[in-house]
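In what follows, every heavy atom counts, from backbone to side chain, and hydrogens, waters and symmetry copies are set aside.
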Amino acid sequence: MAAVEPPPPPTPTPEPNMNLREDHPNPTPLYTRIRLATPSDIPFIHKLIHQMAVFEKLTHLFQATESSLSSTLFNSPPFQSFTVFLLEVSSTPLSLHHSPTLSLFQPIHKTLQIPPSNSISDSEELLFRTDEGATIAGFVLFFPNYSSFLAKPGFYIEDVFVRECYRRRGLGGFLMRAVANQAVKLGYGRVEWCVLDWNVNAINFYKKIGADVMQEWRICRLTGDSLLSYGQPNY
């Protein structure tokens with residue numbers, strides 16, 4: 001009986017080339033949530049407002065303290081007076097609810113896919129860490145106004161701000177859309193805000209989302225000594 005030819009030796013597995021770069025690296029998910037702020041969030045809100053003043057080169061006008069914010073915010077139900085939405089981010093999924101505000105507002109969730117080439121480095125993460133383990137990334141502060149032409153209330157956005165390391169990822173628009181969505185839910189007629197004339201990026205973004213940047217209108221403001229003088233009861 002003829003001998004059976006032995007099988008050929010196995011082909012050695014080639015060593016992987018560690019110098020090759022993946023054409024499609026796996027992105028890292030960033031879980032985001034917009035929720036109503038509560039009085040316990042005052043320290044975060046104060047830090048965010050100060051960072052906004054730095055960004056707008058207006059620190060000489062910054063006078064807010066945690067105490068003064070505590071005495072003026074949260075005195076009325078949300079959406080009936082001053083209201084703050086906080087933007088939270090996390091590397092792990094966030095709760096669909098927020099227990100302290102569950103009966104007042106359903107949080108809004110969005111997941112971003114962050115490529116390795118555009119990763120986030122947050123040097124202040126611990127300063128903005130909540131008890132739930134999320135990180136505060138931004139906020140929007142707004143309150144009701146009224147249009148006599150429409151005979152409808154609306155919202156005026158006083159502040160919208162995203163911390164620097166989280167910018168250019170659509171999160172400012174996420175906050176703006178949350179306010180617009182709430183206005184639509186309530187049957188309101190419009191949402192308004194102001195923009196500094198040097199902030200070209202913001203102006204272009206607002207135009208892109210369909211906002212009218214009204215050149216013919218200018219903000220007039222009485223404040224400080226001028227307000228005190230003009231507000232005297234000497235009619």
Side-chain angles (χ1 to χ4, degrees), residues 21-37 41 43-59 61-62 83-94 98 107-130 132-142 155-184 191-215:
R21 184 180 64 183
E22 291 185 47
D23 292 331
H24 303 286
N26 293 325
T28 301
L30 181 70
Y31 300 95
T32 71
R33 179 175 75 172
I34 291 176
R35 64 165 175 85
L36 270 177
D41 294 311
F44 297 130
I45 296 170
H46 183 255
K47 292 186 188 76
L48 290 167
I49 295 173
H50 182 262
Q51 289 193 358
M52 182 176 63
V54 172
F55 172 72
E56 294 181 348
K57 305 176 179 66
L58 296 173
T59 52
L61 300 178
F62 181 76
T83 303
V84 177
F85 283 158
L86 287 179
L87 169 67
E88 297 175 310
V89 300
S90 176
S91 60
T92 57
L94 293 161
H98 181 245
I108 304 171
H109 292 257
K110 184 177 183 180
T111 303
L112 304 182
Q113 299 297 331
I114 308 298
S117 60
N118 196 20
S119 61
I120 297 171
S121 177
D122 185 356
S123 61
E124 298 181 308
E125 183 177 358
L126 294 180
L127 288 176
F128 288 92
R129 180 72 58 82
T130 70
E132 292 183 65
T135 302
I136 303 294
F139 81 114
V140 59
L141 189 156
F142 59 101
F155 281 136
Y156 181 82
I157 296 176
E158 175 67 19
D159 299 319
V160 58
F161 179 76
V162 174
R163 292 172 51 221
E164 185 173 4
C165 61
Y166 295 103
R167 291 176 197 159
R168 293 172 292 279
R169 302 174 192 275
L171 295 174
F174 189 28
L175 283 165
M176 298 283 290
R177 188 180 292 273
V179 179
N181 177 259
Q182 188 64 30
V184 170
V191 175
E192 294 182 305
W193 63 94
C194 295
V195 60
L196 294 167
D197 58 4
W198 56 261
N199 198 344
V200 177
N201 290 335
I203 291 171
N204 290 337
F205 168 72
Y206 295 148
K207 289 180 178 178
K208 184 177 179 180
I209 67 173
D212 293 326
V213 181
M214 305 177 72
Q215 301 295 330

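- Take E56 and apply the salt bridge (charged side-chain N to carboxylate O under 4.0 Å, His left out) test, not counting sequence neighbours, and it matches no residue.
- The distance from the CH2 atom of W193 to the CG atom of L141 is 15.5 Å, given to the nearest 0.5 Å.
- Under the 4.5 Å side-chain criterion, counting only non-hydrogen atoms from C-beta, F174 is not in contact with R169.
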Walk me through whether T32 and L171 qualify under side-chain contact (heavy atoms from CB on, under 4.5 Å).
CA-CA 9 Å; T32 71; L171 295 174; 4.0 Å; yes

Check the pair V84 / L36 against side-chain contact (heavy atoms from CB on, under 4.5 Å), numbers first and verdict last.
CA-CA 6 Å; V84 177; L36 270 177; over 6 Å; no

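- Minimum heavy-atom separation, A202 to V195: CB-CG2, 3.9 Å.
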Does the pair E132 and R33 meet the rule for a side-chain contact (heavy atoms from CB on, under 4.5 Å), with working shown?
CA-CA 12 Å; E132 292 183 65; R33 179 175 75 172; 3.3 Å; yes

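- Using a 4.5 Å cut-off on side-chain heavy atoms (C-beta onward), Q51 and E124 make contact.
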Would you be so kind as to tabulate the donor-acceptor pairs closer than 3.5 Å made by side chains of residues 203-215, with sequence neighbours excluded?
from : atom 1 : to   : atom 2 : distance (Å)
N204 : ND2    : V200 : O      : 3.4

Give the intermediate values and the outcome of side-chain contact (heavy atoms from CB on, under 4.5 Å) for residues F139 and I34.
CA-CA 9 Å; F139 81 114; I34 291 176; over 6 Å; no

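- Taking SG from C194 and CG from D159, the interatomic distance works out to 10.5 Å, rounded to the nearest 0.5 Å.
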Could you tabulate the donor-acceptor pairs under 3.5 Å formed by side-chain atoms of residues 107-114, not counting sequence neighbours?
from : atom 1 : to  : atom 2 : distance (Å)
H109 : NE2    : S95 : O      : 3.2

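- When the ring pair (Phe, Tyr, Trp, His ring centres under 6.0 Å) test is applied to Y156, the partners found at least two apart in sequence or on another chain are F143.
- Residues passing the ring pair (Phe, Tyr, Trp, His ring centres under 6.0 Å) test with F142 are F85, F155, sequence neighbours excluded.
- Atom NZ of residue K57 and atom CG of residue L196 lie 9.0 Å apart, to the nearest 0.5 angstrom.
- Not a single ring pair (Phe, Tyr, Trp, His ring centres under 6.0 Å) links H98 to another residue, sequence neighbours left out.
- For A180, there are no side-chain contact (heavy atoms from CB on, under 4.5 Å) partners two or more places apart in sequence or in a different chain.
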Table please: side-chain donor-acceptor pairs of residues 160-168 below 3.5 Å, with sequence neighbours left out.
from : atom 1 : to   : atom 2 : distance (Å)
R163 : NH1    : D122 : OD2    : 3.2
R163 : NH1    : I136 : O      : 2.8
R163 : NH2    : D122 : OD1    : 2.5
R163 : NH2    : D122 : OD2    : 3.2
Y166 : OH     : D122 : OD2    : 2.7
R167 : NE     : V162 : O      : 2.7
R167 : NH2    : V162 : O      : 3.3

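- Applying the salt bridge (charged side-chain N to carboxylate O under 4.0 Å, His left out) criterion to E125, with sequence neighbours excluded, gives R129.
- Partners of T59 under the side-chain contact (heavy atoms from CB on, under 4.5 Å) rule, at least two apart in sequence or in another chain, are A53, V54.
- Of all the heavy atoms in P116 and P27, the pair that sits closest is CD-CA, 4.4 Å.
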Is there a salt bridge (charged side-chain N to carboxylate O under 4.0 Å, His left out) between K47 and D41? Walk through the geometry before answering.
CA-CA 10 Å; K47 292 186 188 76; D41 294 311; over 6 Å; no

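- In this structure, the side-chain contact (heavy atoms from CB on, under 4.5 Å) partners of A134, at least two apart in sequence or on a different chain, are E88, L94, T130.
- S90 pairs by the side chain to side chain donor-acceptor pair (under 3.5 Å) definition with T92, not counting sequence neighbours.
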